[in-house]
Amino acid sequence: MNKHDSERVCGILENLGSRWVDSYEEADIVIFMTCCVREAADTRLMGQVASMKNLSLRADSPFKKRLIAVGGCIGQRDGEKLTEELAHIDIVFGTHNIASLPQLLMTALDDGLHHVEVLDAAAGFSTDLPIARVNDWAAWLPITVGCNNFCSYCIVPYVRGREKSRPLEEIVGEAAGYVESGVKEITLLGQNVNSYGRDLYGTPRFADVLKELDATGIARLRFATSHPKDLTDEVIEAFGNLKSLMPALHLPIQSGSDKILTAMNRNYTQAHYVSLIEKLRRTCPDIALSTDIIVGFPGETEADFEETCKVISEVGYTQVFTFIYSKREGTPAAKLHDDTPAEVIQERFDRLVGLVQENAWKQNQKDTGKLVEVLVEGASKRDAQLLAGKSPKNQTVHAKIPADTTLDELLGKFVTVKIEEAKTWYLKGRIIS
Ligand code: 5AD
Ligand code: SF4
């Protein structure tokens with residue numbers, strides 16, 4: 001969501017006549033788009049903004065001083081406090097008012113004063129803002145914003161507000177426009193896409209969104225993120241019925257322990273989660289699954305943690321995003337007492353990472369020898385002669401760029417790759433066609 005918000009901010013800046021530069025030194029305007037889900041992001045932001053203080057402006061800048069803005073979730077949460085702590089921040093804006101950015105920039109440029117605008121809620125679903133997309137072949141498409149779930153550890157409902165769904169016709173219209181302009185892959189976005197439509201007239205369901213988008217002729221459809229308590233049979237069936245829906249699902253479990261899941265206010269049990277996985281595998285046997293895990297939630301015992309490890313091994317994920325619990329002021333979990341020593345949590349975390357890697361490697365091995373359709377996205381970071389792209393299961397695939405073509409010609413196109421080698425985090429193969 002943050003990346004998509006950033007594309008909108010860039011779209012606004014481009015419309016104002018700005019152009020991209022490669023470094024802070026060359027920039028007249030620097031905008032930090034922030035996240036406050038975990039403390040590390042908070043700390044990093046303050047460090048980065050502080051380091052801008054003594055950075056001189058380029059000699060030929062028409063500006064008197066570099067404009068520094070902080071937007072996104074930290075802007076929403078801290079507002080005025082940010083300019084009090086770091087006086088060289090000129091503008092603070094929140095998650096609901098990206099559209100105000102031109103006005104804020106112009107006034108700050110004019111009067112050299114601080115400008116803080118943080119709204120409590122969105123006036124509507126702001127979809128009429130320009131977007132500077134990072135590439136031509138893939139698009140993010142937000143279908144909901146905000147979240148009503150209030151998981152006890154999570155700050156998101158407080159900084160993104162209550163869930164709002166975007167009208168189905170509008171989503172389909174935007175998708176059809178993307179298809180027409182050559183976009184190959186659309187990723188639907190929302191904090192919990194499965195609860196789409198509950199606030200709309202006629203209560204369209206998420207499965208309807210998938211069906212209608214499949215009918216636009218998009219080649220690849222993905223979505224993030226799903227809450228297990230709201231994953232319906234219709235959505236599970238869509239993995240078997242819809243040609244464009246890629247066989248990959250990110251389904252955060254957070255913990256395998258029912259006691260911790262209750263304390264997290266997640267509203268499902270390990271058994272329910274596993275039953276969803278079984279249904280998904282019956283519908284789409286080769287589906288790639290990924291998840292999020294929080295280690296060290298207050299009160300987590302070794303036995304609770306072992307339940308998490310058990311699920312990880314049973315499900316066989318291709319990717320697991322692992323996080324150490326981070327206390328977020330203002331959330332219900334921040335009030336919970338916790339006496340697990342940090343070293344114990346770190347040791348569990350390290351054990352989990354080992355298990356995740358072992359599982360990911362095992363899952364990828366199953367694809368050696370297979371033919372895989374890959375959407376080319378760029379070059380391998382380590383070897384410019386190798387292309388990098390994504391398989392339907394969202395695995396990174398590397399293959400040698402054929403001598404009779406260039407990477408530029410292949411970008412955003414599909415190639416068929418025969419997988420010859422499977423590593424933990426990527427597959428390697430040879431282009432067949
Ligand atoms: N501490 C650690 N991880 C968190 N997440 C959300 N809030 C916290 C927190 N307070 C993780 C969850 C979520 C992912 C986006 O971030 O696993 O799914
Ligand atoms: Fe946070 Fe839970 Fe909402 Fe996800 S579903 S954004 S973890 S409150």
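One-based numbering, in listed order, for ligands and for the atoms of each. On a predicted model such as this, the values are computed, not experimentally measured, just so you know.
No part of Pro252 comes within 4.0 Å of ligand 2, judged by heavy-atom distances. Contacts between Tyr153 and ligand 2, counted as non-hydrogen atom pairs separated by less than 4.0 Å, involve the side chain only. Only the side chain of His227 comes within 4.0 Å of ligand 2, counting heavy atoms alone; its backbone N, CA, C and O stay farther away. Contacts with ligand 2 closer than 4.0 Å are made by no heavy atom of Asn192, backbone or side chain.
Remark: ligand 2 atoms within the under-4.0 Å shell around heavy atoms of Gln191 are 6 (S). Counting the atoms of ligand 2 from 1 in the order shown, those under 4.0 Å from a heavy atom of Phe150 are 8 (S). Of all the atoms in ligand 2, the ones that sit under 4.0 Å from a non-hydrogen atom of Pro157 are 8 (S).
Met1 has its side chain within reach of Arg160: a pair of non-hydrogen atoms, C-beta onward, lies under 4.5 Å apart. Using a 4.5 Å heavy-atom threshold, the side chains of Arg133 and Trp140 count as separate. Side-chain contact check for Gln103 versus Met106: every heavy-atom pair is 4.5 Å or farther apart.
Residue contact annotation: Arg266 has a non-hydrogen atom under 4.0 Å from ligand 2.
Distance from atom 1 (Fe) of ligand 2 to its nearest protein heavy atom, with residue and atom name: Cys154 SG, 2.3 Å. With hydrogens left out, the protein atom closest to atom 8 (S) of ligand 2 is Cys151 N, 3.4 Å, a heavy atom.
For residue Cys147, no N/O/S atom approaches atom 1 (Fe) of ligand 2 to within less than 2.8 Å.
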Could you go through Phe321 and His250, starting from their C-alpha distance and side-chain angles, then the distance that decides it, and tell me whether this counts as ring pair (Phe, Tyr, Trp, His ring centres under 6.0 Å)?
CA-CA 10 Å; Phe321 298 92; His250 184 64; 5.6 Å; yes
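At a cut-off of 3.5 Å, with distance as the only test, a side-chain donor of Tyr153 or Gln254 sits close to an acceptor on the other residue.
A salt bridge links Arg328 with Asp42: the closest approach of a Lys/Arg side-chain nitrogen to an acidic carboxylate oxygen falls below 4.0 angstrom. Lys310 has no carboxylate O lying under 4.0 Å from a charged side-chain N of Glu306, or vice versa, which leaves the two without a salt bridge. Using a 4.0 Å cut-off between a side-chain N of Lys or Arg and a carboxylate O of Asp or Glu, Glu237 and Lys279 do not qualify as a salt bridge. Here Lys366 does not pair with Asp286 in a salt bridge; the nearest charged N to carboxylate O distance is not below 4.0 Å.
When the heavy-atom distances from atom 5 (S) of ligand 2 to Val37, Val159, Asn149 are ranked, the shortest goes to Asn149.
Within 6.0 Å of atom CD in Glu302, more than 12 heavy atoms from other residues, nucleotides or ligands are found, so the atom counts as buried in its surroundings.
No option in Thr144, Thr203, Asp199 other than Asp199 meets the side-chain hydrogen bond (donor to acceptor under 3.5 Å, both in side chains) test with Ser165.
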Distance dump, ligand 1 polar atoms to protein, N/O, under 3.5 Å:
unit_1: ligand 1; atom_1: 1 (N); unit_2: Ser326; atom_2: N; d: 2.9
unit_1: ligand 1; atom_1: 10 (N); unit_2: Tyr153; atom_2: O; d: 3.0
unit_1: ligand 1; atom_1: 10 (N); unit_2: Ser326; atom_2: O; d: 2.7
unit_1: ligand 1; atom_1: 16 (O); unit_2: Arg38; atom_2: NH1; d: 2.8
unit_1: ligand 1; atom_1: 17 (O); unit_2: Gln254; atom_2: OE1; d: 2.6
unit_1: ligand 1; atom_1: 18 (O); unit_2: Gln254; atom_2: NE2; d: 2.9
unit_1: ligand 1; atom_1: 18 (O); unit_2: Asp292; atom_2: OD2; d: 2.6

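Taking the six-membered ring for Trp and thresholds of 30 and 60 degrees, Tyr24 and Phe32 have ring planes inclined between 30 and 60 degrees apart.
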